[in-house]
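Chain letters run A, B, ... following the sequence lines, proteins first and then strands; every chain starts at 1. Quantities reported herein were computed from a predicted structural model and do not represent experimental measurements.
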Amino acid sequence: MSTPEIELKVDGETRLVEVGATGFKLFSDKAVVAMKVNGTLKDLAAELVHGDDVNAVTVSSPDGLDILRHSTAHVLAQAVQNLFPESKLGIGPPIKDGFYYDFDVAEPFNPEDLKALEKEMTRIIQSGQRFLRRDTNDEDAAKELAGEPYKLELIGLKSGNSDLGEASAEVAAGELTIYDNFDVKAESVVWKDLCRGPHLPNTRMIGSGFALTRVAAAYWRGNENNKQLQRVYGTAWPSKEELRAHQEQLEEAARRDHRKLGAELDLFSFPEEIGSGLAVFHPKGGIIRKVMEDYSRERHVASGYEFVYSPHVTKSNLFETSGHLEWYAEGMFPPLQLDEERDDKGNIRRQAQDYYLKPMNCPFHCLIYRSQGRSYRDLPMRLFEFGTVYRYEKSGVLHGITRARGFTQDDAHLYVARESIKSELTSVLNFVLDLLRDYGLTDFYLELSTKEEGNPKFVGADEIWVEATNTLQEVAEASGLELVPDPGGAAFYGPKISVQARDAIGRSWQMSTIQLDFNLPERFDLEYTASDGTKKRPVMIHRALFGSVERFFGVLTEHYAGVFPPWLAPIQVVAVPIADEHYQYLADFADDLRNSGVRVQVDNSDERMQKKIRNHTLAKVPYILIAGAEDIANQAVSFRFRDGSQINGVPLAEAKARILNEIASRVQV
RNA sequence: GCCGACCUGGCGCAAUUGGUAGCGCAUCGCACUUGUAAUGCGAGGGUUAGGGGUUCGAGUCCCCUGGUCGGCUCCA
């Protein structure tokens, strides 16, 4: 007598299996940690029914990694509750490269606690506990989890329709499940957590590719009015080797950190005397910055931009008109109160005037536009400024020169007629991408931030939003780049495209933004006379390529790891004589290079030549030129590069041509 | 802003249970004149972020302020 069978589709192939079969029957490969049944992730222990379409989920797949990390988070939580029995559980989702879990504990965790927790986790993992899924309901779960106030809150939220955010790992609408950790030896459930799963079959599959990385406070449910919980971060990988590779990547990122390189290469600093988030650029950083700015100016001139300047402080009424004071006052430095006059009795005779440091340049540019009557013939009007702005960023968010309180935007505002939005956007996007490529960033994708339907905060007529959004979409698609939608991410005054660039080690940075604005032209009552004599309102496009010069500087520093291509390098050439008697020969050649615009030095210090080579290599100078008696005899010079390679006996004319050519073509060497 | 950790000569680090600041690099001086990542010798430099407190005595303990780092929140 044959056992009854059901038909399944397993990884695309039809298979017959006995009734009641689970994923364990289907997949013998140890790398399979879960399965996708009709598109839904499930535990391997889930029972399959006739007609199910089943696909294996391996540990190395994106879903598999999430499951591994989420299961590791559960083990962490169990370890915390074993070591700190009074702790209460928050949430514990997988994140990029790892996981975290939030806990309410009496004392914040310290690094020694992390060590102890890792040890306890290893013990739990090796004990091979099984993850067992169990359905429950609100009422029963509330009873079971009476000691876990945060979990109770999540159960309550689930019944409502609130946005659960990252808590969606714990509960999902319509069902409620608990995962029991079953210790096989003890034959009992040793821990449990409210969770929608799925999980690894057992803890042993986590292996040794995990580590706890840091602790930090985090607001419960991400709201700064809520209590702060202790968040433990960890990373988890299918193998120890992959963990090690990940850690090496982090070390590489640390080596490239622009704050570290900025000090090492003597580029900029943040003197405590000036204040948090306010940098000074040293001569070497100043050169890089100047070269960046000069090239940008040159390209803007060629693309029809006009250069304007505006002051750093202004009376409050400008930002009242623009709306900034109403919306973003807390992001601005507090006002300077000037010109108050009092009489003998102390009564105010003349009202003080509030002046603000500017957090944005756009209102000034609007005033320039409005300074005279404009014709359609004046459009598009492209006003460009390296405008230094000041924003009172919260102290905790400052980060070197990429997030500072004073910075310089390469800011332009384009005033365009509605019918030419498309052509203008197209040329702006191409201009942006082209220029970024010249600075050495080549790997881009775009993000399109659009309006959230039905949200009343967005200003401007629906039809123009639709038209503008479609236009942005078309322009973005025409670029051929990957386009990631960001619904609801638009500013209240218009949709935007942002250019994201991936750097040399694959990190993405938001670079340029191109933003449509239907609001400021309205607020400043900007208009132009159309060809038919009627008054019309221009649309404004905000765009910044670098975002901020400082931030872009920081990104380039990390992208190049301080090894700037010759055109950006603060010192391009250092000449090292073998001995004093060879100095003049190199000095003459250096003069020749200098006259051709090369930033060149001759090192005639008292050091050994070996030491000089070491020093200038560490300073990441692109070309070290060496000459001794042999080179002089041949009217030549020897190249040494930053990677240690060398080309000896290059004739002077050839050497010069090579250096000039590589600088001019902005290549890396 | 919130939570935690941290702050020693220009830079990187050291100073047993609180006992009176040390090293390397850099700097300066002298000697050496050298073919591809550190020549040797000598000298100067800090009252330990700033302020207050505890103590016979504080870099070490406590408080306040400033700053840095890691997160959270935020980034018009």
Side-chain angles (χ1 to χ4, degrees), chain A residues 100 102 105 107-111 113 213-233 254 257 259-260 263-264 266 269-278 319 322-332 359-360 362 389 391-400 402-405 407 457 490-494 496 510 513 515 517 519-520 542 547-548 551 576-583 604 606-619 624-632 637-649:
Chain A
Y100 68 79
D102 288 343
V105 284
E107 294 287 319
F109 294 121
N110 59 43
D113 293 333
T213 48
R214 58 176 68 99
V215 280
Y219 299 105
W220 168 238
R221 305 198 58 234
N223 184 328
E224 66 180 319
N225 299 316
N226 286 345
K227 180 168 183 173
Q228 285 200 322
L229 305 180
Q230 283 289 304
R231 175 168 297 178
V232 178
Y233 283 91
D257 191 316
R259 295 166 300 181
K260 181 173 172 286
E264 277 175 15
D266 195 19
S269 62
F270 287 89
E272 205 178 305
E273 293 82 343
I274 300 177
S276 217
L278 298 166
F319 293 122
S322 70
H324 289 111
L325 269 174
E326 185 188 342
W327 294 85
Y328 310 112
E330 81 293 344
M332 293 165 66
M360 309 208 95
C362 14
V389 296
R391 298 180 185 180
Y392 193 73
E393 302 286 2
K394 290 178 179 179
S395 59
V397 307
L398 299 171
H399 185 88
T402 60
R403 190 84 186 268
R405 282 183 172 161
F407 55 92
K457 79 166 187 176
F492 71 89
Y493 50 76
K496 71 172 177 194
Q510 180 178 318
T513 57
Q515 185 146 16
D517 188 345
N519 182 239
L520 279 186
H542 304 246
S548 94
R551 189 180 128 84
V576 174
I578 299 287
D580 279 355
E581 64 200 80
H582 311 122
Y583 167 74
N604 64 340
D606 216 11
E607 301 290 349
R608 256 86 184 133
M609 63 154 300
Q610 290 88 338
K611 179 66 174 287
K612 293 180 186 181
I613 288 166
R614 173 183 158 81
N615 287 158
H616 300 123
T617 304
L618 290 175
I624 298 176
L625 298 182
I626 298 162
E630 209 176 296
D631 284 300
I632 294 175
V637 77
S638 294
F639 279 78
R640 168 153 181 138
F641 300 94
R642 292 175 284 201
D643 64 357
S645 63
Q646 39 178 299
I647 305 175
N648 293 331

How does RNA chain B look in dot-bracket notation if pairs are Watson-Crick or G-U with both distances under 3.5 Å, crossing ones as [ ], other-strand ones as |?
(((((((..((((.....[..)))).(((((.......))))).....(((((..]....))))))))))))....
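For the pair A/Arg405 and A/Tyr392, the distance from NZ or CZ to the six-membered ring centre is under 6.0 Å and the angle to the ring normal is within 45 degrees.
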I'd like a table of atom pairs between the protein and nucleotides 40-45 of chain B - only N or O on both sides, under 3.5 Å - with the distance next to each one.
none

Enumerate all atom pairs, one protein N or O and one N or O from nucleotides 30-37 of chain B, separated by less than 3.5 Å.
| unit_1 | atom_1 | unit_2 | atom_2 | d |
| --- | --- | --- | --- | --- |
| B/rC32 | O2 | A/Arg608 | NH1 | 2.5 |
| B/rC32 | O2 | A/Arg608 | NH2 | 3.0 |
| B/rC32 | N4 | A/Asp606 | OD1 | 2.7 |
| B/rC32 | N4 | A/Asp606 | OD2 | 2.9 |
| B/rU33 | N3 | A/Asp580 | OD2 | 3.2 |
| B/rU34 | N3 | A/Arg608 | NE | 3.3 |
| B/rU34 | N3 | A/Arg608 | NH1 | 3.1 |
| B/rU34 | N3 | A/Arg608 | NH2 | 3.3 |
| B/rU34 | O4 | A/Arg608 | NH1 | 2.9 |
| B/rG35 | O6 | A/Ala629 | N | 3.1 |
| B/rG35 | O6 | A/Glu630 | N | 2.5 |
| B/rG35 | O6 | A/Asp631 | N | 3.4 |
| B/rG35 | N1 | A/Asp631 | OD2 | 2.8 |
| B/rG35 | N2 | A/Asp631 | OD2 | 2.7 |
| B/rG35 | N2 | A/Ser638 | OG | 3.0 |
| B/rU36 | O3' | A/Arg640 | NH1 | 3.3 |
| B/rU36 | O2' | A/Arg640 | NH1 | 2.5 |
| B/rU36 | O2' | A/Gln646 | NE2 | 3.2 |
| B/rU36 | N3 | A/Gln646 | OE1 | 3.3 |
| B/rU36 | O4 | A/Ser638 | OG | 3.4 |
| B/rU36 | O4 | A/Asn648 | OD1 | 2.5 |
| B/rA37 | OP2 | A/Arg640 | NH1 | 3.0 |
| B/rA37 | N7 | A/Arg640 | NH2 | 3.0 |

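Close to B/rC75, at under 4.0 Å from its OP1 or OP2, lies no side-chain N or O of A/Tyr392. When the side-chain nitrogen and oxygen atoms of A/Ser276 are compared with OP1 and OP2 of B/rU68, one or more of them lie within a distance under 4.0 Å. Dashed line: the shortest gap from a side-chain N or O of A/Arg259 to OP1 or OP2 of B/rG70 is under 4.0 Å.
Between the side chains of A/Asn648 and A/Gln646, at least one donor N or O sits under 3.5 Å from an acceptor N or O.
A/Arg403 has its CZ atom 6 Å from the C1' atom of B/rC74, to the nearest Å. The nearest whole Å value for the distance from the CD atom in A/Gln228 to the P atom in B/rG1 is 14 Å. To the nearest angstrom, P of B/rC75 lies 16 Å from CZ of A/Arg405. Summarising the geometry, the separation between OH on A/Tyr328 and P on B/rC75 is reported as 9 Å, rounded to the nearest angstrom. A/His399 places its NE2 atom 18 Å from the P atom of B/rC75, with the value rounded to the nearest Å.
Shown here are the side chain to side chain contact (heavy atoms under 4.5 Å, CB included) partners of A/Ala404, two or more places apart in sequence or in another chain: there are none. Contacts of A/Phe639 classified as side chain to side chain contact (heavy atoms under 4.5 Å, CB included), with partners at least two apart in sequence or in another chain: A/Tyr623, A/Leu625, A/Val637, A/Phe641, A/Ile647, A/Val650, A/Ala655, A/Arg658, A/Ile659.
Among the protein residues, A/Phe492 comes within range of no part of the nucleic acid, since none of its heavy atoms lies under 4.0 Å from any strand.
Counting only distance, with no hydrogens or angles, the side chain of A/Ser638 and the backbone of A/Ala627 share no donor-acceptor pair below 3.5 Å.
With B/rA76, B/rC3, B/rU68 as the candidates, the nucleotide lying closest to the side chain of A/Ala217 is B/rC3.
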Base, backbone or nothing for each nucleotide of nucleotides 4-14 of chain B, written B, S, -, heavy atoms under 4.0 angstrom, 5' to 3'?
S----------
